Each structure stands twice: as C-alpha cells, then as structure tokens.
Amino acid sequence: VPRAQLGASVGVVEEEDLQRQAKVHVLELLRIIPGLHVAQTGGRGGQTSLFLRGGNSSFTKVLLDGAPINQIGGFFDFSTLMGTQIERIEVMRNPNSVLYGSDATSGVIQLFTRRSREYARIPTFGYAIEGGSYRSLRQEASLRGAVRTFDYASSFSRYDTDNHLPNHAYHNGTYVGNFGWQPNVASEVRLVLRHTVMALGTPNALDFYGIPDDSAMRGRETYVVLSGRHH
C-alpha cells in the first residue's frame, strides 16, 4: 500500500537506501528515521537501545519476516543486528495492539530478508569487502538463484574492528538464509534462518586506572522463521 494512502505514521528504508547509505549495522539506518532515538553504550558492539517517540526501550515490537524476535519483557539489543541480506525496513511510529499484540506500545519495526526470485534461474554470486579506521574490515559473500519451484538466497558476513580503546575489539559473524518453495501460484512455504556469533572486549575501568583488563563478552543468536501462505 502506498504510504500516502495510510492513516498511520510509517517510515520505510528501501533496498536502494540500504545500498546508498552503505551502513554496517541496522541501528545506523534506523537513526535516519524521524521519531527514533538510538542509544549505544561505548563503541561498535556495545549494547544498543531504541526509543520510539519517547517510549521505553521495551515498548517497541521487532519483527523478522513477520516473527517477533524481542527478548522476554520486550527489550531488543540492536547492536548484534547487521545489515546482512536486509531488503527493507518498515517502522510504524504509533501503537497498534490490534495487529501486533499488546507489546507494540510505542510502535513496530519490521525487517524483511532479501529473497531470490523464481525467474532467477542462473545462480548469482556476490562478494564485497571494505575497510576503515581502527583496523575495521567487513566482508560479505552471497549466493542467490532458483531451481524449478525452489528459490534460495544465502549470505555470510564478517565484521571486525578494534574500536577506539584498548581491549575493545569487536567481532560479528552473521549468516542469513532465505529459502522458498512455491508449488503453484497460490501457495508458498518459506524458511528464514539467521545466526549471529559476536564477541566484544570490555576494558571496564580504563578511564579510572588507565589499564584495560582482559575481560570480554560473547554471544550467539539464532532465529528460525517458517511460514506458509495459500490464497
């Protein structure tokens, strides 16, 4: 539906915007949408909260291809969410408990994973690499295509940076797969996989003593979304 025909306040980040902005994390793309405030602790990889139109950080429902991915209580840490294979981001800046449940108090953020098309019979391989300050390096490899009634789109990205402090290095490896089966024009079954492994050094009391410790935190996230439609 065109945004001009909607009665709700909706912000959309299209695939063209993703390519033009060339941002590493989804949180950087959300900062350009009016009404959203993104707060990150420390450098890249630090815990990140999102406040939608002044609401609490646990008042926004986050969906991945239609499936909720918030933690228990409603909070979601956006620091681990890379832009790998994200096709579109939609933000509803008002409550909508009728469609999304009572936990959509401030609004809804929905992420759509890039998929292949049924006409893409020839497999397409892509590879990108970029670097920056603080020994930052990002690499991404992708493969998309279709075989008869089956289509697939798969990407793996790795991002490393030393950040701006000693023992504050950050690593993020993300795999995303979107697989679909369409036996006829009216039916479709789709499986989306997203797996992230991250590690972040925490210098802790560096500002007080000038000596960073060797502590670190590590995490893993896995999302599996299985959906079907028939009309």
Side-chain angles (χ1 to χ4, degrees), residues 1-40 48-70 74-120 126 128 138 140 142 144 151 153-155 157 159 174 176-178 180 188 190-194 196 221 223 225 227 229 231:
V1 178
R3 274 179 284 177
Q5 298 180 13
L6 293 176
S9 177
V10 177
V12 180
V13 180
E14 301 285 358
E15 187 172 13
E16 296 77 12
D17 301 321
L18 298 173
Q19 296 173 354
R20 184 171 58 253
Q21 294 286 335
K23 300 297 185 181
V24 175
H25 288 84
V26 170
L27 66 91
E28 298 175 293
L29 297 167
L30 296 175
R31 284 192 170 116
I32 68 176
I33 299 179
L36 273 67
H37 176 69
V38 180
Q40 186 171 31
T48 303
S49 303
L50 183 142
F51 303 88
L52 181 55
R53 283 191 165 180
N56 194 282
S57 59
S58 60
F59 286 178
T60 302
K61 191 158 191 175
V62 184
L63 303 175
L64 175 65
D65 290 299
I69 56 176
N70 296 77
F75 178 74
F76 183 78
D77 184 7
F78 285 87
S79 66
T80 62
L81 196 58
M82 305 286 286
T84 307
Q85 206 165 307
I86 297 295
E87 183 178 58
R88 190 172 76 258
I89 304 173
E90 295 183 358
V91 179
M92 179 175 287
R93 296 185 294 256
N94 57 271
N96 199 326
S97 58
V98 175
L99 290 178
Y100 300 102
S102 59
D103 48 349
T105 308
S106 293
V108 179
I109 295 178
Q110 186 156 199
L111 309 169
F112 295 90
T113 303
R114 184 183 299 114
R115 63 176 68 178
S116 185
R117 299 293 183 259
E118 62 276 5
Y119 54 79
R138 178 179 179 271
E140 180 174 346
S142 62
R144 288 189 287 174
D151 65 86
S154 186
S155 296
S157 68
Y159 177 74
T174 297
V176 183
N178 190 320
E188 182 185 50
R190 188 156 297 276
L191 174 65
V192 177
L193 304 174
R194 187 178 186 94
T196 299
E221 292 180 348
Y223 303 111
V225 181
S227 61
R229 67 171 179 86
H231 60 85

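Note that this is a predicted model, so its numbers are computed, not measured.
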Practice task
Decide side-chain hydrogen bond (donor to acceptor under 3.5 Å, both in side chains) for S157 and T84; before the verdict, give the C-alpha distance in whole Å, the side-chain angles of both, and the deciding distance to 0.1 Å.
Solution key: CA-CA 7 Å; S157 68; T84 307; 2.5 Å; yes
Problem - Candidates L29, I33, T48 - the one meeting side chain to side chain contact (heavy atoms under 4.5 Å, CB included) with V38 - result: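 Of L29, I33, T48, side chain to side chain contact (heavy atoms under 4.5 Å, CB included) with V38 is met by T48 alone.
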Exercise for the section: Let me know which of L50, N70, L63 forms a side chain to side chain contact (heavy atoms under 4.5 Å, CB included) with I109. Expected result: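 Looking at L50, N70, L63, the match for I109 under the side chain to side chain contact (heavy atoms under 4.5 Å, CB included) is L50.
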[atom1] of [X] to [atom2] of [Y]: how many Å apart, nearest 0.5 Å?
{"X": "L81", "Y": "F76", "atom1": "CG", "atom2": "CZ", "answer": "5.0 Å"}
{"X": "I89", "Y": "L111", "atom1": "CD1", "atom2": "CG", "answer": "5.5 Å"}
{"X": "T113", "Y": "Q85", "atom1": "OG1", "atom2": "CD", "answer": "6.5 Å"}

Problem - Plane angle bin for H25 and Y159 - parallel if under 30°, tilted between 30 and 60°, otherwise perpendicular - result: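 Correct class here is perpendicular.
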Exercise for the section: Validate the cation-pi geometry between R194 and Y223: distance from NZ or CZ to the six-membered ring centre under 6.0 Å, angle to the ring axis within 45°. Expected result: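 No - R194 does not lie over the ring of Y223 by the 6.0 Å and 45° rule.
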Taking the side chain as C-beta and beyond, is there a heavy-atom pair between [X] and [Y] under 4.5 Å?
{"X": "E221", "Y": "T174", "answer": "no"}
{"X": "R114", "Y": "S142", "answer": "no"}
{"X": "E140", "Y": "M82", "answer": "no"}

Problem - Ion pair R190/D151, N-O distance below 4.0 Å - result: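 Judged by the 4.0 Å cut-off on N to carboxylate O distance, R190 and D151 do form a salt bridge.
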Problem - Donor-acceptor under 3.5 Å (R53 side chain, R93 main chain) - result: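 Judged by distance alone, yes, a pair lies under 3.5 Å.
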